[in-house]
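In what follows, chains are A, B, ... by sequence order, proteins preceding strands, each numbered from 1.
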Amino acid sequence: MIEDARVLREEFVPREVEHRDGEVTHLSGMLEPVTRGEPADTAVITGPSGAGKTCIARYTVGRLREQHLDVRSQYVNCWQNYSRFRALYRILEGLGKTVDIHRRSTPHDELLDRLRRYDGPPCVVVLDEVDQLEALDVLYDLHSLPAFSLVLIANREAELFARADERLTSRLRGSETIGFDRYGLDELASILAARARWGLTADAVSTAQIRTIADAAAGDARVGISILRSAARKADRADRETVTDDLLEEAIPAGRTAVHRKNLETLTPHQRALYDAVDEVGAIEPAPLYEAYRERVDDPKTDRTVRNYLAKMVQYDLLVAEGTSRDRVYRVADPTTGHAASTAPHATDDDR
DNA sequence: GTTCCACTGGAAGACTAGGTTT
DNA sequence: AAACCTAGTCTTCCAGTGGAAC
């Protein structure tokens, strides 16, 4: 019953987008100088997860490139490319200029020098999850290169600017923020219906089921699509022509936890041991947590390293840290709500 | 109110892995 | 083959913070 799995993938960008005309127009307008070969002001896109930030940015930039052959673009996910080196590397990669750059023996500045010497058509760089960058000064450097126009995507603007120093703030002064809100129920339902229409056989999912998914996703398109994908896969494996309501019930929690589980898979064995130690008891103080961690691994890292791991997992919404000092407690984050869970619900192993 | 101290997180430097140069 | 780079990871050291105990 799945006809085109690509449509149900997270990173899929549709040919036409819905319900975001204002945002598309706004971003297009901001990028308009690029079509004349001039640098555009930095655009900042903010909003909750699953509000269509990434999709709209890629769609708008893609459309710009269709209309103007003399524009290039590169998408950088700062979650995966969180260091200065990797972020710059990804941009060069998009320009096809990395052939002789090797990860280990090329100094930082060589990458920036190459970007500086770039004299091709103007390039729009989309930096997604920009708040995951460990050092924001790379934004300052990129901003000083007229050939590159920036689109920054972040969950919350305030947190991003709180980390920016004086130099960067003054550079970003000319930037404009495009705020995205959660999708409404009807909006999300029509987005999901379109995905079902493109990706699944006719009548595989009923209108009522689409609304059920949209309702469960609470305005988060990523979650909605994840649930739809999970339901379709379950039906596919069960050799059914349509999604039954029973399968859909199962797919809702599976779809919701998909993102959470994906993050878990990126953890190193040591980090995973830490997470498991918290998960086992639900909530734990730092000292006993470190002890529990030491018992779980062969060659434990120092407590300072463990604190770095914990901070990283908190940033990834895998753990929640409560209290600032002696009252600090670590909890597992509840994948279904994003908040701390008193008892940890374990992800059902599905959606694969 | 004062002191204590578990905990946090910044800074600096050592170590490791992988690459280049001589 | 040895000497030398570099980025990324981890450790060492430590100042600062703010609940908890007195």
side-chain N/O A/Tyr309 vs B/dT8 OP1/OP2, d < 4.0 Å: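 So the side-chain polar atoms of A/Tyr309 never come under 4.0 Å of the phosphate oxygens OP1 or OP2 of B/dT8.
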
What's the closest nucleotide to the side chain of [X] if the choices are [options]?
X	options	result
A/Ser83	B/dA6, C/dG8, C/dC10	C/dG8
A/Thr305	C/dA7, C/dG19, C/dT11	C/dT11
A/Arg304	B/dC7, C/dG18, C/dT11	C/dT11
A/Pro286	B/dT8, B/dC4, C/dC10	B/dT8

Geometric cation-pi criterion, A/Arg6 with A/Phe12: 6.0 Å, 45°: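 Judged by the rule, A/Arg6 and A/Phe12 form no cation-pi pair.
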
Under-3.5 Å donor-acceptor pair between A/Arg307 side chain and B/dG10 base: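 It does not, because no donor-acceptor pair links the side chain of A/Arg307 to the base of B/dG10 below 3.5 Å.
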
Side chain A/Ser325 and base C/dG19 donor-acceptor under 3.5 Å: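 Under the 3.5 Å cut-off, the side chain and the base do not form any donor-acceptor pair.
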
Closest non-hydrogen atom pair between A/Ser226 and A/Gly255, with its separation: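 That would be OG-O, 2.8 Å.
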
Test log, rule side chain to side chain donor-acceptor pair (under 3.5 Å), inputs A/Thr302 and A/Thr305: CA-CA 5 Å; A/Thr302 60; A/Thr305 300; 3.2 Å; yes

Could you check how far [atom1] of [X] sits from [atom2] of [N], rounded to whole Å?
X	N	atom1	atom2	answer
A/Phe85	B/dG18	CZ	P	15 Å
A/Met313	B/dT8	CE	P	13 Å
A/Asn308	B/dT8	CG	P	11 Å
A/Lys301	C/dT9	NZ	P	11 Å
A/Tyr89	B/dG19	OH	C1'	13 Å
A/Glu134	C/dT9	CD	C1'	11 Å
A/Glu322	C/dG19	CD	P	14 Å
A/Asp327	C/dT17	CG	P	16 Å

How would you label the contact of [X] with the nucleic acid (heavy atoms, under 4.0 Å): base, sugar-phosphate, or nothing?
X	result
A/Thr324	sugar-phosphate
A/Tyr290	nothing
A/Ala311	nothing
A/Arg328	sugar-phosphate

Exceeds 12 heavy-atom contacts within 6.0 angstrom, atom CG of A/Asp203: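 Atom CG in A/Asp203 is not packed in, count stays at 12 or less.
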
Enclosure of A/Arg36 CZ (heavy-atom neighbours >12, cutoff 6.0 Å):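 Correct, the count exceeds 12.
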
